[in-house]
Amino acid sequence: MNAANPRAASFDFGVAGTAMRARGPAAWIAPLRAAWAVWQPAPESIPWDVRLTADASLPEPQGPLFEAIPHSQDGVCTLVASGFEGKVSAASGTALLRAHPQASPGDLGYFLRVVLAIQAFARGGMLFHTAGIVHREQGYAFFGVSGSGKTTAAHFSTPDPVLNDDLVLLWPAATGWQMYATPFGKRRGDVRVAALRALLRLLKDQDVFLAPLSPGRALGELVANTPVLSADSLWLPEMLARWETLLSVVPVYALHFRRDATFWEVIDAELG
């Protein structure tokens, strides 16, 4: 996509307590606004100012921005790759991405995802790499390394709503934690939020059963599946404290499962 057209445009975007106002060339903003039109921030949320700037002096992108590793220093997260220079400041509530005009909508969408992850954490929540499934009106987060079975769990949960098969937003509430849908993956149904009942680490097996995870292993697994923040060790102490707070009210288990829906029978028997 060529963003050489200087005509500016903007759109508002948000999930749960996050909010941002993205501004930039219309050629970049228009497809994002169309794809994410339903993701409007709450009226009371104060939006972060996010600017997307086309800069032809940068080299053409040699790969997706997704491959860039975030780094934090003095409260500012930087994201640098061929064709991209991005900064996110939680203190000032601002973000800026300078990108070559040939940057793709996927690259720009990824930058907004980084902004959301940092803003959510600054406001008390966490973006989490998981399949969020709503079963009997309760939210279950199925997580694990790539290939562990998140999409499989979502498939065998039909017709239960799927908030997202890849990324959800966890947000504190008066009586525990809520799990919110995001636009960063595949969804099923119109449900957008559910109370978080349990965190389930997926393990493929011939037998189907739940086993408690030790606190140390649980923390390690959860931190590893916290996108953006887990790439930078400077976030680690605060991240561990946030997960410990969540685990004080939400249980975490290893879910041994096979490729069928029998895991729900076990979950219903023990947690339903």
Side-chain angles (χ1 to χ4, degrees), residues 11-22 32 35-48 50 66 70 77 88 90 93 95 109-135 137-144 150-151 153-154 160-200 221-231 235 238-247 249-250 252:
F11 81 105
D12 292 347
F13 165 72
V15 179
T18 68
M20 63 185 77
R21 177 162 293 148
L32 292 171
W36 295 353
V38 301
W39 303 94
Q40 293 293 317
E44 67 275 12
S45 299
I46 299 174
W48 284 16
V50 181
F66 180 83
C77 176
V88 184
Y110 176 69
F111 184 69
L112 296 185
R113 191 174 97 181
V114 170
V115 176
L116 184 140
I118 294 172
Q119 182 182 156
F121 197 70
R123 293 183 173 179
M126 283 185 292
L127 194 63
F128 187 37
H129 187 45
T130 189
I133 300 170
V134 182
H135 180 72
E137 299 184 348
Q138 297 189 96
Y140 293 87
F142 295 79
F143 70 98
K150 293 183 289 293
T151 301
D160 286 340
V162 176
L163 300 178
N164 197 289
D165 71 348
D166 189 51
L167 286 166
V168 301
L169 185 60
L170 304 181
W171 203 260
T175 57
W177 284 71
Q178 302 283 333
M179 184 166 64
Y180 283 83
T182 73
F184 309 123
K186 295 180 181 178
R187 301 182 61 234
R188 183 170 66 229
D190 298 324
V191 178
R192 301 283 285 275
V193 61
L196 180 60
R197 177 65 182 89
L199 301 157
L200 304 168
E221 297 269 8
L222 293 167
V223 166
N225 284 278
T226 307
V228 179
L229 305 177
S230 61
W235 293 102
E238 192 173 351
M239 219 189 325
L240 287 171
R242 184 74 51 83
W243 276 117
E244 286 176 342
T245 298
L246 188 151
L247 291 176
V249 293
V250 179
V252 58

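For the atom pair OG1 of Thr130 and CG of Leu169, the computed distance is 12.5 Å after rounding to the nearest 0.5 Å. Leu199 contributes atom CG, which lies 6.0 Å from atom CZ of Phe143 (distance to the nearest 0.5 angstrom). Note: Met239 CE to Thr226 OG1 = 5.5 Å, rounded to the nearest 0.5 Å. Taken from CG in Asp165 to CZ in Arg188, the straight-line distance is 9.5 Å, to the nearest 0.5 Å. Note that OG of Ser230 is 11.5 Å distant from CG of Leu222, once rounded to the nearest 0.5 Å. To the nearest 0.5 Å, atoms CH2 (Trp48) and CG (Leu112) are separated by 12.5 Å.
No donor-acceptor pair closer than 3.5 Å links the side chain of Lys150 to the backbone N or O of Asp166. One N or O on the side chain of Gln40 and one on the backbone of Ala37 form a donor-acceptor pair closer than 3.5 Å. With Arg113 contributing its side chain and Pro227 its backbone, the two residues share no donor-acceptor pair below 3.5 Å. In terms of modelled atom types and a separation under 3.5 Å, the side chain of Thr18 and the main chain of Gln119 share no donor-acceptor contact. Looking at Arg197, its side chain never comes within 3.5 Å of a backbone N or O of Gly139 through a donor-acceptor pair.
In this structure, Leu170 and Leu196 approach most closely via the heavy-atom pair CD2-CD2, 4.1 Å. When all heavy atoms of Val134 and Ala194 are compared, the closest pair comes out as CG2-CB, 3.7 Å. Taking every heavy atom of both residues into account, Gln138 and Tyr140 meet most closely at O-CD1, 3.6 Å. Considering every non-hydrogen atom in both Gly124 and Arg242, the closest pair reads C-NH1, 3.3 Å. Scanning both residues, Gly176 and Val249, for their nearest heavy atoms gives CA-CG2, 4.4 Å. Of all heavy-atom pairs spanning Leu240 and Val223, the tightest one is CD2-CG2, 3.8 Å.
Between Trp235 and Phe121, the ring planes lie perpendicular to each other; the angle is over 60°, past the 30° to 60° tilted range.
In this structure, Arg192 satisfies the cation-pi test against Trp39, with its NZ or CZ atom closer than 6.0 Å to the six-membered ring centre and inside 45 degrees of the ring normal.
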So Leu167 and His129, side chain to side chain contact (heavy atoms under 4.5 Å, CB included) or not? Walk me through it.
CA-CA 5 Å; Leu167 286 166; His129 187 45; 4.1 Å; yes
Test Leu246 against Met126 for side chain to side chain contact (heavy atoms under 4.5 Å, CB included), laying out the working first.
CA-CA 10 Å; Leu246 188 151; Met126 283 185 292; 4.1 Å; yes
Should Trp36 and Phe13 be marked as a ring-ring contact (aromatic ring centres under 6.0 Å, His included) after you check the CA-CA gap, both sets of side-chain angles, and the distance that decides it?
CA-CA 7 Å; Trp36 295 353; Phe13 165 72; 4.8 Å; yes
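The shortest side-chain heavy-atom distance between Val162 and Lys186 does not fall under the 4.5 Å cut-off. By the 4.5 Å heavy-atom criterion applied to side chains, Asn225 and Phe128 are counted as neighbours. In this structure the side chain of Leu116 never reaches within 4.5 angstrom of the side chain of Thr182, judged on heavy atoms. Val193 has its side chain out of reach of Met179: every pair of non-hydrogen atoms, C-beta onward, lies at least 4.5 Å apart. Between Trp171 and Arg123, the closest side-chain pair of non-hydrogen atoms falls below 4.5 Å.
Within 6.0 Å of the CZ atom in Arg21, the count of heavy atoms belonging to other residues, nucleotides or ligands does not exceed 12.
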